[in-house]
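A short write-up of the structure that comes next.
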Amino acid sequence: KLVQANSMYMGVELKKGKHTTRHSQMIPIDHETYLCDTPGFSSLYTTDMEKEELKNFFPEFHPYEGKCRFLGCIHGKEPGCAVKEALEQGNISKERFENYTMFYEELKEQEKRRYQLAPSILSADFNRLGEQIQRVEKAECRWLHIDIMDGMFVPSISFGMPVVKSIRKESSLYFDVHMMVKDPERYVEEFQSCGADMITVHAEACRDLAETVKKIHETGADAGVAVNPDTPLSAVTDVMDQVEMILIMSVYPGFGGQKYIPESTERIRTLRRMLDEKGLEHVHIQVDGGTTNLVSIVQLPCCQVLRDID
(Lines give C-alpha, C1' and ligand atoms only; values in the text may rest on other atoms or scores of the structure.)
Protein backbone atom coordinates (compact mmCIF):
# COMPACT_ATOMS: atom_id res chain seq x y z
CA LYS A 1 0.00 0.00 0.00
CA LEU A 2 1.27 3.47 -0.89
CA VAL A 3 1.04 6.39 1.51
CA GLN A 4 0.96 9.76 -0.19
CA ALA A 5 2.50 12.79 1.50
CA ASN A 6 1.86 16.29 0.19
CA SER A 7 5.34 17.56 -0.72
CA MET A 8 4.49 20.62 -2.78
CA TYR A 9 5.68 23.14 -0.19
CA MET A 10 8.29 21.10 1.66
CA GLY A 11 11.00 22.76 -0.37
CA VAL A 12 9.61 26.19 0.42
CA GLU A 13 9.73 25.55 4.15
CA LEU A 14 13.25 24.19 3.84
CA LYS A 15 14.23 27.10 1.55
CA LYS A 16 15.11 24.59 -1.16
CA GLY A 17 12.78 25.90 -3.86
CA LYS A 18 9.52 24.29 -4.99
CA HIS A 19 8.96 20.78 -6.27
CA THR A 20 7.56 20.21 -9.73
CA THR A 21 5.52 17.30 -8.43
CA ARG A 22 2.66 17.57 -6.00
CA HIS A 23 3.12 14.30 -4.09
CA SER A 24 5.79 11.97 -2.83
CA GLN A 25 5.04 8.26 -2.50
CA MET A 26 5.99 6.72 0.86
CA ILE A 27 6.56 3.01 0.20
CA PRO A 28 6.75 0.88 3.37
CA ILE A 29 9.64 -1.60 3.17
CA ASP A 30 9.99 -2.61 6.84
CA HIS A 31 8.55 -1.82 10.25
CA GLU A 32 8.43 1.99 10.51
CA THR A 33 10.78 2.16 7.50
CA TYR A 34 9.72 3.81 4.26
CA LEU A 35 11.20 4.51 0.88
CA CYS A 36 10.32 7.98 -0.37
CA ASP A 37 9.88 8.25 -4.13
CA THR A 38 9.12 11.64 -5.72
CA PRO A 39 8.37 11.08 -9.41
CA GLY A 40 9.60 13.87 -11.63
CA PHE A 41 11.16 15.67 -8.69
CA SER A 42 13.05 18.86 -9.32
CA SER A 43 13.53 21.84 -7.10
CA LEU A 44 12.66 25.20 -8.65
CA TYR A 45 13.54 28.71 -7.62
CA THR A 46 11.15 30.99 -9.47
CA THR A 47 12.42 34.29 -8.10
CA ASP A 48 14.86 35.02 -10.93
CA MET A 49 13.27 32.82 -13.57
CA GLU A 50 11.70 34.11 -16.78
CA LYS A 51 8.45 32.51 -17.98
CA GLU A 52 10.15 31.23 -21.13
CA GLU A 53 12.61 29.18 -19.04
CA LEU A 54 9.89 27.19 -17.29
CA LYS A 55 9.45 24.71 -20.15
CA ASN A 56 13.04 23.54 -19.63
CA PHE A 57 11.88 21.89 -16.38
CA PHE A 58 9.14 19.94 -18.14
CA PRO A 59 11.04 17.90 -20.75
CA GLU A 60 8.04 15.64 -21.37
CA PHE A 61 6.43 18.61 -23.17
CA HIS A 62 9.27 18.92 -25.70
CA PRO A 63 8.17 16.21 -28.20
CA TYR A 64 4.82 17.96 -28.62
CA GLU A 65 5.72 21.65 -28.51
CA GLY A 66 6.75 21.80 -32.17
CA LYS A 67 3.32 20.50 -33.14
CA CYS A 68 1.37 23.33 -31.47
CA ARG A 69 -0.62 25.46 -33.90
CA PHE A 70 0.84 28.72 -32.58
CA LEU A 71 4.54 29.51 -32.33
CA GLY A 72 5.40 30.29 -28.71
CA CYS A 73 2.34 28.48 -27.38
CA ILE A 74 2.30 28.67 -23.57
CA HIS A 75 -0.09 25.68 -23.29
CA GLY A 76 -2.84 27.75 -21.75
CA LYS A 77 -6.01 28.69 -23.60
CA GLU A 78 -4.60 28.58 -27.13
CA PRO A 79 -6.50 26.35 -29.59
CA GLY A 80 -4.56 23.56 -31.26
CA CYS A 81 -2.12 23.05 -28.37
CA ALA A 82 -0.38 19.70 -28.91
CA VAL A 83 0.76 19.56 -25.27
CA LYS A 84 -2.84 19.76 -24.02
CA GLU A 85 -3.85 17.15 -26.58
CA ALA A 86 -1.12 14.86 -25.22
CA LEU A 87 -2.45 15.55 -21.72
CA GLU A 88 -5.97 14.52 -22.78
CA GLN A 89 -4.59 11.33 -24.34
CA GLY A 90 -2.79 10.44 -21.11
CA ASN A 91 0.71 10.91 -22.55
CA ILE A 92 1.54 13.68 -20.05
CA SER A 93 0.90 13.48 -16.32
CA LYS A 94 -2.07 15.54 -15.17
CA GLU A 95 -0.27 16.47 -11.94
CA ARG A 96 2.81 17.61 -13.86
CA PHE A 97 0.70 19.77 -16.17
CA GLU A 98 -1.12 21.29 -13.17
CA ASN A 99 2.26 22.08 -11.62
CA TYR A 100 3.42 23.71 -14.85
CA THR A 101 0.27 25.85 -14.92
CA MET A 102 0.69 26.83 -11.28
CA PHE A 103 4.33 27.85 -11.79
CA TYR A 104 3.48 29.80 -14.94
CA GLU A 105 0.78 31.80 -13.14
CA GLU A 106 3.19 32.44 -10.27
CA LEU A 107 5.82 33.75 -12.68
CA LYS A 108 3.22 36.03 -14.27
CA GLU A 109 2.40 37.46 -10.85
CA GLN A 110 6.07 37.91 -10.02
CA GLU A 111 6.53 39.79 -13.28
CA LYS A 112 3.71 42.14 -12.32
CA ARG A 113 5.13 42.65 -8.83
CA ARG A 114 8.69 43.29 -9.97
CA TYR A 115 8.10 46.97 -10.70
CA GLN A 116 4.79 48.57 -9.93
CA LEU A 117 3.84 52.09 -10.98
CA ALA A 118 1.56 53.85 -8.49
CA PRO A 119 0.23 57.02 -10.16
CA SER A 120 -0.63 59.81 -7.75
CA ILE A 121 -4.08 61.40 -7.95
CA LEU A 122 -2.50 64.59 -6.65
CA SER A 123 -1.43 65.19 -10.25
CA ALA A 124 -4.87 64.49 -11.70
CA ASP A 125 -7.40 66.96 -13.03
CA PHE A 126 -10.01 66.77 -10.26
CA ASN A 127 -12.69 67.89 -12.67
CA ARG A 128 -12.06 64.58 -14.49
CA LEU A 129 -10.83 62.46 -11.58
CA GLY A 130 -13.07 59.46 -12.22
CA GLU A 131 -12.17 59.41 -15.91
CA GLN A 132 -8.45 59.62 -15.17
CA ILE A 133 -8.61 56.81 -12.61
CA GLN A 134 -10.25 54.68 -15.32
CA ARG A 135 -7.29 55.50 -17.59
CA VAL A 136 -4.95 54.24 -14.87
CA GLU A 137 -6.91 50.97 -14.68
CA LYS A 138 -6.87 50.53 -18.46
CA ALA A 139 -3.10 51.03 -18.41
CA GLU A 140 -3.01 47.94 -16.11
CA CYS A 141 -1.56 49.79 -13.14
CA ARG A 142 -2.58 48.03 -9.96
CA TRP A 143 -1.83 50.70 -7.34
CA LEU A 144 -3.23 54.20 -6.88
CA HIS A 145 -1.18 56.57 -4.73
CA ILE A 146 -3.26 58.95 -2.61
CA ASP A 147 -1.38 61.82 -0.94
CA ILE A 148 -2.98 63.16 2.23
CA MET A 149 -1.47 66.47 3.44
CA ASP A 150 -2.64 68.33 6.54
CA GLY A 151 -0.92 71.72 6.29
CA MET A 152 0.96 70.97 9.53
CA PHE A 153 3.45 68.17 8.87
CA VAL A 154 3.84 69.66 5.40
CA PRO A 155 2.86 73.19 4.32
CA SER A 156 0.33 72.09 1.71
CA ILE A 157 -3.23 70.84 2.17
CA SER A 158 -4.61 68.25 -0.24
CA PHE A 159 -7.83 66.34 0.51
CA GLY A 160 -9.21 63.95 3.07
CA MET A 161 -11.48 61.03 3.76
CA PRO A 162 -14.50 62.08 1.62
CA VAL A 163 -12.41 61.90 -1.56
CA VAL A 164 -11.00 58.47 -0.69
CA LYS A 165 -14.48 57.17 0.17
CA SER A 166 -15.94 58.58 -3.04
CA ILE A 167 -13.40 57.03 -5.44
CA ARG A 168 -13.39 53.72 -3.55
CA LYS A 169 -16.92 53.11 -4.81
CA GLU A 170 -15.74 53.31 -8.41
CA SER A 171 -12.33 51.61 -8.37
CA SER A 172 -10.91 48.20 -7.50
CA LEU A 173 -7.30 49.47 -7.53
CA TYR A 174 -5.05 48.97 -4.52
CA PHE A 175 -5.35 52.26 -2.59
CA ASP A 176 -1.93 53.31 -1.32
CA VAL A 177 -2.69 56.14 1.13
CA HIS A 178 0.37 58.24 1.95
CA MET A 179 -0.31 60.26 5.08
CA MET A 180 1.85 63.38 5.27
CA VAL A 181 0.05 64.17 8.50
CA LYS A 182 1.14 65.02 12.03
CA ASP A 183 0.19 62.34 14.58
CA PRO A 184 -1.37 60.11 11.88
CA GLU A 185 -2.51 57.51 14.39
CA ARG A 186 -5.54 59.78 14.97
CA TYR A 187 -6.91 58.99 11.53
CA VAL A 188 -5.83 55.48 10.49
CA GLU A 189 -9.14 53.84 11.41
CA GLU A 190 -11.14 56.38 9.41
CA PHE A 191 -8.96 56.09 6.31
CA GLN A 192 -9.11 52.31 6.39
CA SER A 193 -12.90 52.41 6.69
CA CYS A 194 -12.99 54.76 3.69
CA GLY A 195 -11.14 52.21 1.59
CA ALA A 196 -7.39 52.43 2.18
CA ASP A 197 -5.57 49.15 1.44
CA MET A 198 -2.16 50.45 2.52
CA ILE A 199 -1.59 53.27 5.00
CA THR A 200 1.88 54.79 4.95
CA VAL A 201 2.92 57.12 7.77
CA HIS A 202 6.05 59.19 8.20
CA ALA A 203 8.55 58.13 10.82
CA GLU A 204 9.10 61.82 11.59
CA ALA A 205 5.37 62.42 12.25
CA CYS A 206 4.64 59.64 14.75
CA ARG A 207 4.91 59.87 18.51
CA ASP A 208 5.38 56.10 18.71
CA LEU A 209 6.10 54.57 15.29
CA ALA A 210 5.75 50.93 16.37
CA GLU A 211 2.39 51.61 18.02
CA THR A 212 1.15 53.44 14.94
CA VAL A 213 2.14 50.51 12.71
CA LYS A 214 0.37 48.13 15.10
CA LYS A 215 -2.76 50.27 15.00
CA ILE A 216 -2.75 50.24 11.18
CA HIS A 217 -2.58 46.45 11.14
CA GLU A 218 -5.38 46.25 13.69
CA THR A 219 -7.66 48.01 11.20
CA GLY A 220 -6.90 45.33 8.63
CA ALA A 221 -4.81 47.54 6.34
CA ASP A 222 -1.22 46.98 5.23
CA ALA A 223 1.34 49.30 6.83
CA GLY A 224 4.08 51.38 5.27
CA VAL A 225 6.63 53.77 6.75
CA ALA A 226 8.09 56.78 4.93
CA VAL A 227 11.37 58.58 5.56
CA ASN A 228 12.30 62.06 4.39
CA PRO A 229 15.56 62.68 2.48
CA ASP A 230 17.40 63.95 5.55
CA THR A 231 16.11 61.23 7.91
CA PRO A 232 18.58 58.38 8.53
CA LEU A 233 17.38 54.91 7.62
CA SER A 234 18.07 53.88 11.21
CA ALA A 235 14.79 55.63 12.06
CA VAL A 236 12.87 52.64 10.65
CA THR A 237 15.18 49.80 11.72
CA ASP A 238 12.98 48.75 14.63
CA VAL A 239 9.85 48.38 12.49
CA MET A 240 11.34 46.85 9.35
CA ASP A 241 10.00 43.45 10.28
CA GLN A 242 6.55 44.85 11.04
CA VAL A 243 5.69 46.64 7.79
CA GLU A 244 4.83 45.65 4.23
CA MET A 245 6.60 48.62 2.65
CA ILE A 246 9.18 51.34 3.27
CA LEU A 247 8.89 54.56 1.30
CA ILE A 248 12.01 56.50 0.36
CA MET A 249 11.16 60.14 -0.24
CA SER A 250 13.36 61.27 -3.12
CA VAL A 251 12.13 64.85 -2.74
CA TYR A 252 11.02 66.85 0.29
CA PRO A 253 7.31 66.19 0.93
CA GLY A 254 4.67 68.82 0.41
CA PHE A 255 6.03 70.59 -2.66
CA GLY A 256 5.37 69.66 -6.28
CA GLY A 257 7.74 69.95 -9.22
CA GLN A 258 10.94 69.04 -7.36
CA LYS A 259 13.79 67.16 -9.01
CA TYR A 260 14.88 63.72 -7.89
CA ILE A 261 17.57 63.97 -5.19
CA PRO A 262 20.55 61.95 -6.57
CA GLU A 263 21.59 60.72 -3.11
CA SER A 264 18.31 58.81 -2.96
CA THR A 265 19.78 56.17 -5.26
CA GLU A 266 22.34 55.04 -2.71
CA ARG A 267 19.69 55.14 0.05
CA ILE A 268 17.57 52.72 -1.96
CA ARG A 269 20.52 50.35 -2.38
CA THR A 270 21.38 50.60 1.33
CA LEU A 271 17.80 49.96 2.40
CA ARG A 272 17.51 46.90 0.15
CA ARG A 273 20.73 45.55 1.61
CA MET A 274 19.49 46.15 5.17
CA LEU A 275 16.24 44.34 4.44
CA ASP A 276 17.95 41.40 2.76
CA GLU A 277 20.39 40.99 5.66
CA LYS A 278 17.41 40.69 8.00
CA GLY A 279 15.69 38.15 5.75
CA LEU A 280 13.02 40.70 4.81
CA GLU A 281 13.15 40.30 1.04
CA HIS A 282 9.35 40.51 0.93
CA VAL A 283 9.25 44.09 2.21
CA HIS A 284 8.62 46.46 -0.70
CA ILE A 285 10.55 49.65 -1.34
CA GLN A 286 8.66 52.59 -2.79
CA VAL A 287 10.26 55.69 -4.28
CA ASP A 288 8.31 58.94 -4.24
CA GLY A 289 9.16 62.18 -5.96
CA GLY A 290 10.85 63.40 -9.13
CA THR A 291 10.82 59.90 -10.59
CA THR A 292 10.75 61.06 -14.22
CA ASN A 293 13.84 59.02 -15.19
CA LEU A 294 12.13 55.68 -14.67
CA VAL A 295 14.68 53.68 -16.67
CA SER A 296 17.48 54.37 -14.19
CA ILE A 297 15.26 53.87 -11.15
CA VAL A 298 13.74 50.53 -12.16
CA GLN A 299 17.26 49.16 -12.49
CA LEU A 300 17.55 49.59 -8.74
CA PRO A 301 16.46 46.76 -6.41
CA CYS A 302 13.06 48.24 -5.49
CA CYS A 303 9.67 46.62 -5.89
CA GLN A 304 7.42 49.61 -6.44
CA VAL A 305 8.20 52.82 -8.26
CA LEU A 306 5.95 55.82 -7.80
CA ARG A 307 5.34 58.25 -10.60
CA ASP A 308 3.04 61.25 -10.89
CA ILE A 309 0.44 61.31 -13.66
CA ASP A 310 1.31 63.85 -16.34
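It should be emphasised that the depicted structure is a prediction, and the values quoted were computed from it without experimental measurement.
Transitive grouping of hydrophobic side chains (ILVMFWY, heavy atoms separated by less than 4.5 Å) brings F97 and M102 into a common cluster. When hydrophobic clusters are built by joining Ile, Leu, Val, Met, Phe, Trp and Tyr residues whose side-chain heavy atoms come closer than 4.5 Å, directly or via intermediates, I261 is not grouped with M249.
D150 places a side-chain N or O within 3.5 Å of a backbone atom of K182 that can act as its donor or acceptor partner. Side chain of K165 to backbone of G195: no donor-acceptor contact under 3.5 angstrom is found. Here the side chain of Q132 pairs a donor or acceptor atom with the backbone of D125 at under 3.5 angstrom.
The stretch residues 186-197 participates, sequence neighbours left out, in these side chain to side chain donor-acceptor pair (under 3.5 Å) pairs: R168-D197.
Note that CE of M198 and CD1 of I146 are 12.5 Å apart. Values are rounded to the nearest 0.5 Å. The structure places CG of L271 at 11.5 Å from OG of S264, a figure rounded to the nearest 0.5 Å. In this structure, the separation between CG on L144 and CG on L117 is 12.0 Å, given to the nearest 0.5 Å. The structure places CD of E185 at 10.0 Å from CG of L209, a figure rounded to the nearest 0.5 Å. Expressed to the nearest 0.5 Å, how far CD of E281 lies from CG of L275 amounts to 8.5 Å. Atom OG of S156 sits about 8.5 Å away from atom CE of M180, to the nearest 0.5 Å.
Contact of the T270 side chain with the L233 side chain is registered, since non-hydrogen atoms from C-beta on lie closer than 4.5 Å. Between F175 and F191, every side-chain heavy-atom pair lies at or beyond the 4.5 Å cut-off. For the pair V163 and M161, the minimum side-chain heavy-atom distance is 4.5 Å or more. At least one side-chain heavy atom of L280 sits less than 4.5 Å from a side-chain heavy atom of H282. Looking at I199 and H178, their side chains never come closer than 4.5 Å, going by heavy atoms from C-beta outward. Counting heavy atoms from C-beta outward, I133 and L129 have side chains that approach closer than 4.5 Å. Looking at heavy atoms from C-beta onward, I246 lies in side-chain contact with M240 at the 4.5 angstrom threshold. You'll find the side chain of Y260 reaches within 4.5 Å of the side chain of T265, heavy atoms only.
Of all the heavy atoms in A205 and P184, the pair that sits closest is O-CD, 3.5 Å. Between P59 and R96, the shortest heavy-atom distance links the atoms CD-NH2, 4.0 Å. When all heavy atoms are compared, the tightest approach of V154 to P253 is CG1-O, 3.6 Å. Residues L54 and F58 share a closest heavy-atom pair of O-CD1, 3.4 Å. What you find for A118 and Q286 is that their closest heavy atoms are CB-NE2, 4.3 Å. Shown here for W143 and V136, the closest heavy-atom pair between the two residues is O-CG1, 4.4 Å.
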Kindly determine whether V283 and K278 satisfy side chain to side chain contact (heavy atoms under 4.5 Å, CB included), including the steps that lead there. CA-CA 11 Å; V283 176; K278 291 176 176 287; over 6 Å; no

After noting the C-alpha distance and the side-chain angles of H75 and Y64, does the key distance pass the side chain to side chain contact (heavy atoms under 4.5 Å, CB included) rule? CA-CA 11 Å; H75 319 316; Y64 307 99; over 6 Å; no

Let's go through V177 and M179 carefully: what are the C-alpha distance in whole Å and the side-chain angles of both, what is the deciding distance for side chain to side chain contact (heavy atoms under 4.5 Å, CB included) to 0.1 Å, and is it a yes or a no? CA-CA 6 Å; V177 175; M179 295 184 67; 4.0 Å; yes

Could you walk me through whether I285 and I248 pass the side chain to side chain contact (heavy atoms under 4.5 Å, CB included) check? CA-CA 7 Å; I285 297 175; I248 296 284; 4.3 Å; yes

Let's go through E60 and N91 carefully: what are the C-alpha distance in whole Å and the side-chain angles of both, what is the deciding distance for side-chain hydrogen bond (donor to acceptor under 3.5 Å, both in side chains) to 0.1 Å, and is it a yes or a no? CA-CA 9 Å; E60 63 268 45; N91 297 325; over 6 Å; no

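With sequence neighbours excluded, the residues forming a side chain to side chain contact (heavy atoms under 4.5 Å, CB included) with R69 are P79, listed by chain and number. E277 meets the side chain to side chain contact (heavy atoms under 4.5 Å, CB included) test with R273; sequence neighbours excluded. Every residue two or more places apart in sequence or in another chain that forms a side chain to side chain contact (heavy atoms under 4.5 Å, CB included) with K67 is listed here: A82. With sequence neighbours excluded, no residue forms a side chain to side chain contact (heavy atoms under 4.5 Å, CB included) with E170.
Taking the six-membered ring for Trp and the full ring otherwise, the centers of F159 and F126 sit less than 6.0 Å from each other. If you look at Y100 and F61, their ring centroids are closer than 6.0 Å.
Remark: the D147 side chain and the S120 side chain contain an N/O donor-acceptor pair separated by less than 3.5 Å.
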Acceptor/donor pairs from residues 222-231 side chains to any protein atom, 3.5 angstrom cut, sequence neighbours excluded:
{"from": "D222", "atom 1": "OD2", "to": "Y174", "atom 2": "OH", "distance (Å)": "2.6"}
{"from": "N228", "atom 1": "OD1", "to": "H202", "atom 2": "ND1", "distance (Å)": "3.3"}
{"from": "T231", "atom 1": "OG1", "to": "E204", "atom 2": "OE2", "distance (Å)": "2.5"}

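Using a 4.0 Å cut-off between a side-chain N of Lys or Arg and a carboxylate O of Asp or Glu, E266 and R269 qualify as a salt bridge. A salt bridge links R207 with D183: the closest approach of a Lys/Arg side-chain nitrogen to an acidic carboxylate oxygen falls below 4.0 angstrom.
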